[in-house]
Amino acid sequence: MRTLEKKLNEKLTEIFENLNLDTDAAYVKRSDRPDLSDFQCNGALALAKTMKCPPRQIAESILQKLQNDPDIESVSVDGPGFLNIKLKNDFISKTLNEMACDENLGCEKVESPKKIVMDFGGPNVAKALHVGHLRSAVIGESLRRIMCFLGHNVISDVHFGDWGTPMGMILSQILEEDGDFSKVDTYNIDDISAIYKRANARCKEDEKSAEKARLITSELQNGNAEYQKAWKRLREVSVEAVKENYDELSAHFDLWLGESDAHPVCQQVVDIAQKEGLSEVDDGATIIRLPQANKPMPPVILVKSDGGFGYQLTDIATIKMRYDDLKADQIIYVVDKRQSLHFEQVFQVAEMLKLAPNTILKHVGFGTVNGADGKPFKTRDGGVMNLKDLISLSKEKVRLSMPKPGEVEGYGEPEIEKLIFEVAMAAIKFQDLKSNVGSGYIFDLEDFAKFEGKTGPYIQYAVARINSILRKAALNGIEDGEIIIHADDERSLALKIADFENTVIRAAEIYEPSIIADYVYNLAQIFSSFYNTCPILSEPDHALLVSRLRLARLTRDVLKCSLYLLGIEAPEKMLKSN
RNA sequence: GUACCCGUAGCUCAACCGGAUAGAGUAUUGGCCUCCGACGCCAAAGGUUGCGAGUUCGAACCUCGCCGGGUACGCCA
């Protein structure tokens, strides 16, 4: 089906063609002046300059063609040349009735689906997930769902950090403490994590230890069997632990590859660079110098002077793999924006070496979670906060407002726990997704358990209220029917619902889940107003009753779908303690 | 030092290829539960979009200069 906006754009495109106007300008958007119109077209203003023609005159000519359209209530030219379009109620309700029957809620799949590889998560061996990993997982998962929903073929890869110096540090530390690797099989994630912390501390203050760690790293990478065996075990345990974390966040990964998997390809990349004459040896390291455009671009170190592969090489080799093995049309990295220079370099090298021709490489850089001091968030003891702890803290806050198990019929302990979890996660995720990806935020625990205002639970609450109405209707055997637009609040709700597809497309275009977060919040808000002024089940006019019931149901479906795209659950009921 | 990002209501943030009267949340003040779930709704108040020029019919958005903040800059990943 086609949504209101698409239908209008088609009408305009035809008119622009007839008038010999550039159809690039033949598009509408929701009006900035709801008092004047439902949609506006600024095309005349955009064209005036190149056509050397007064914008109002162009707008008038479009108006002539548009005003007799049976779907349009009125058109006017206002201000310098805005085309204000008001739609017939029938046109809106007809489109909404189509939407109510469409399983995709009016969202058409893209014509040519792309193979998109998404790289997010980026956990490390021996490190539990902390708040720094939260954003990558939450934003990445949301974008993954958005791209899938639009019909793309998405493959997500967690891209495990399993191959750098930290590996050598841990192995070295185990040797130091145990003498050999005989106890490795007994270590769980907490043990490994503790070992890493000790290793890190030791290497920081003692250059000799650091050197030894580097040595072991390169031996590991060169295939030392003993090291490999121990490393494999460490990796396994870490993957298990991290999987639990990602399950909790409901982040889905198709692939659990890591840096180590790119290792065999690294040498190939080095060879290609050499053959193309693009690499050179400098201070014992093999590097590629990048063209200095309008800003300084540091060279990329492929092979370090000690013979080890640099981490940038790993990422470059991974691009080659994703092109060769997965046939990626696009690769999206959801990684802290402080790494943007790194990705610029890596992308440039990939292009110079033609490793993935025609593949779009995109770094979606997100801002950091900061403490009250504006610096990246740390706990009181100077460490980073565990993701698990964060979730527990949020759950405890939510728990305070929930009834105890057994107080509400049908809600025993498992049901209450599930509800607490879903509400807490909604609070955390919405907080993370509501503002632009690029801007960071100040960490405040209160924000992660807030119910009121622009929050996840507020939207869940709107869904729960609609569910409640739908249950009552079903109980009384009332079915919904044709949507008819009657009151003003119905009209604005309907127009907002119709804007769903456009919202998803825009969010995908600029990789910005906050566009959906903003939309879903507005929709919930508009519904709440409607709910307040338009009685549904107590409406005496039966036609109006069933219409509003369908409108409510459709709202609920769009809310739920939007929440899904943000990775947020919508519980059937919300409960509250007295 | 060089490059990039940011500066919008007291606070946290929006603003859809440059558009009309710059919007939300929060905090403050007032109103609304005999009525489908008040985690709600309605309303008031809150602004020289850091400063100064320029381009444009039109600038929070584009250009330049200043001020203030952040981040990153070859052998950690």
Side-chain angles (χ1 to χ4, degrees), chain A residues 24-25 27 29-33 35-36 40 42 45-46 48-49 54-55 78-82 84 122 124 161 163-166 169 203 210 214 259 282-287 289 294-306 308 310-312 314-315 336-342 344-345 365 367-368 370 374-375 401 423 434-436 438-442 444 447 450-455 457-458 460-462 464-470 472-473 502-503 505-507 509-510 512 514-515 518 521-522 525 528-529 531-539 548 552 573-576:
Chain A
D24 279 356
Y27 65 92
K29 60 179 231 169
R30 282 301 304 282
S31 178
D32 289 330
R33 292 287 302 271
D35 52 322
L36 297 178
Q40 65 183 96
N42 299 344
L45 291 160
K49 211 169 291 177
D78 301 288
F82 298 107
N84 278 316
N124 294 306
W163 204 235
T165 315
M169 281 161 58
C203 289
R214 282 196 289 271
E259 295 169 346
D282 192 83
D283 277 345
T286 305
I287 65 164
R289 291 197 194 280
N294 45 3
K295 62 175 176 179
M297 190 60 79
V300 170
I301 294 183
L302 298 180
V303 185
K304 297 183 282 186
S305 50
D306 67 3
Y311 76 102
Q312 296 195 294
T314 308
D315 274 347
D336 193 320
K337 72 173 174 188
R338 285 176 294 185
Q339 296 205 37
S340 59
L341 179 60
H342 160 69
E344 268 183 69
Q345 294 176 283
T368 39
N370 296 323
K375 300 251 186 279
S401 65
V423 173
K434 75 176 178 184
S435 49
N436 291 341
S439 54
Y441 55 86
I442 306 281
D444 182 355
D447 292 338
K450 252 197 233 155
F451 282 9
E452 287 132 21
K454 194 169 180 179
T455 65
Y458 168 89
Q460 291 179 317
Y461 177 70
R465 286 206 298 194
I466 300 174
N467 285 337
S468 175
I469 294 168
L470 297 178
K472 271 185 193 151
N502 180 242
T503 303
I505 292 172
R506 259 175 52 221
E509 254 168 17
I510 57 170
E512 189 58 85
S514 69
I515 289 185
D518 198 52
Y521 173 69
N522 279 322
Q525 232 180 1
S528 293
S529 297
Y531 175 90
N532 234 260
T533 57
C534 297
I536 299 173
L537 296 176
S538 57
E539 168 58 45
R548 286 178 180 166
K573 292 182 187 178
M574 295 280 277
L575 304 179
K576 196 182 179 184

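Per chain, numbering begins at 1; letters A, B, ... match sequence-line order.
- Comparing rC13(B), rC73(B), rA20(B) by their closest approach to the side chain of Gln40(A) singles out rA20(B).
- Side-chain N/O atoms of Asn84(A) and base N/O atoms of rA20(B) include a donor-acceptor pair closer than 3.5 Å.
- Remark: the Asp282(A) side chain and the rG74(B) base include a donor-acceptor N/O pair separated by less than 3.5 Å.
- Look at the C1' atom in both rG37(B) and rA22(B): the space between them is 35 Å, to the nearest Å.
- For Asn467(A) and rC36(B), the shortest distance from a side-chain N or O to OP1 or OP2 is not below 4.0 Å.
- Asp283(A) pairs by the side chain to side chain donor-acceptor pair (under 3.5 Å) definition with nothing, not counting sequence neighbours.
- Distance check on atom P: rA24(B) versus rU63(B) gives 30 Å, rounded to whole Å.
- A distance of about 40 Å separates the C1' atoms of rC61(B) and rA38(B), rounded to the whole Å.
- A sub-4.0 Å separation between OP1 or OP2 of rA38(B) and a side-chain N or O of Ser528(A) is absent.
- When each of rG74(B), rC75(B), rC16(B) is scored by its nearest atom to the side-chain atoms of Ser305(A), the top-ranked nucleotide is rC75(B).
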Let me have RNA chain B in dot-bracket notation, would you? Count Watson-Crick plus G-U wobble pairs, both distances under 3.5 Å, and use [ ] for pairs crossing earlier ones and | for inter-strand partners.
(((((((..((((.....[...)))).(((((.......))))).....(((((..]....))))))))))))....
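- Side-chain N/O atoms of Ser468(A) include one lying less than 4.0 angstrom from OP1 or OP2 on rG37(B).
- One finds no side-chain N or O of Tyr441(A) lying less than 4.0 angstrom from the OP1 or OP2 phosphate oxygen of rA14(B).
- You'll find that the side chain of Glu452(A) is closest to rG40(B), out of rG19(B), rC75(B), rG40(B).
- Applying the 4.0 Å criterion to OP1 and OP2 of rG74(B), one finds that Gln345(A) has every side-chain N and O outside that range.
- An OP1 or OP2 oxygen of rC6(B) is reached within less than 4.0 angstrom by no side-chain nitrogen or oxygen of Lys337(A).
- A close approach under 4.0 Å does not occur between any side-chain nitrogen or oxygen of Lys29(A) and OP1 or OP2 of rG18(B).
- Thr165(A) contributes no side-chain N or O that forms a donor-acceptor pair with the base of rC76(B) under 3.5 Å.
- Across all strands shown, Glu509(A) has no heavy atoms under 4.0 Å from either base or sugar-phosphate atoms.
- The ring-ring contact (aromatic ring centres under 6.0 Å, His included) test applied to Phe451(A) returns no partner, not counting sequence neighbours.
- In this model, the phosphate group of rA14(B) is approached by a side-chain N or O of Asn436(A) to a distance below 4.0 Å at OP1 or OP2.
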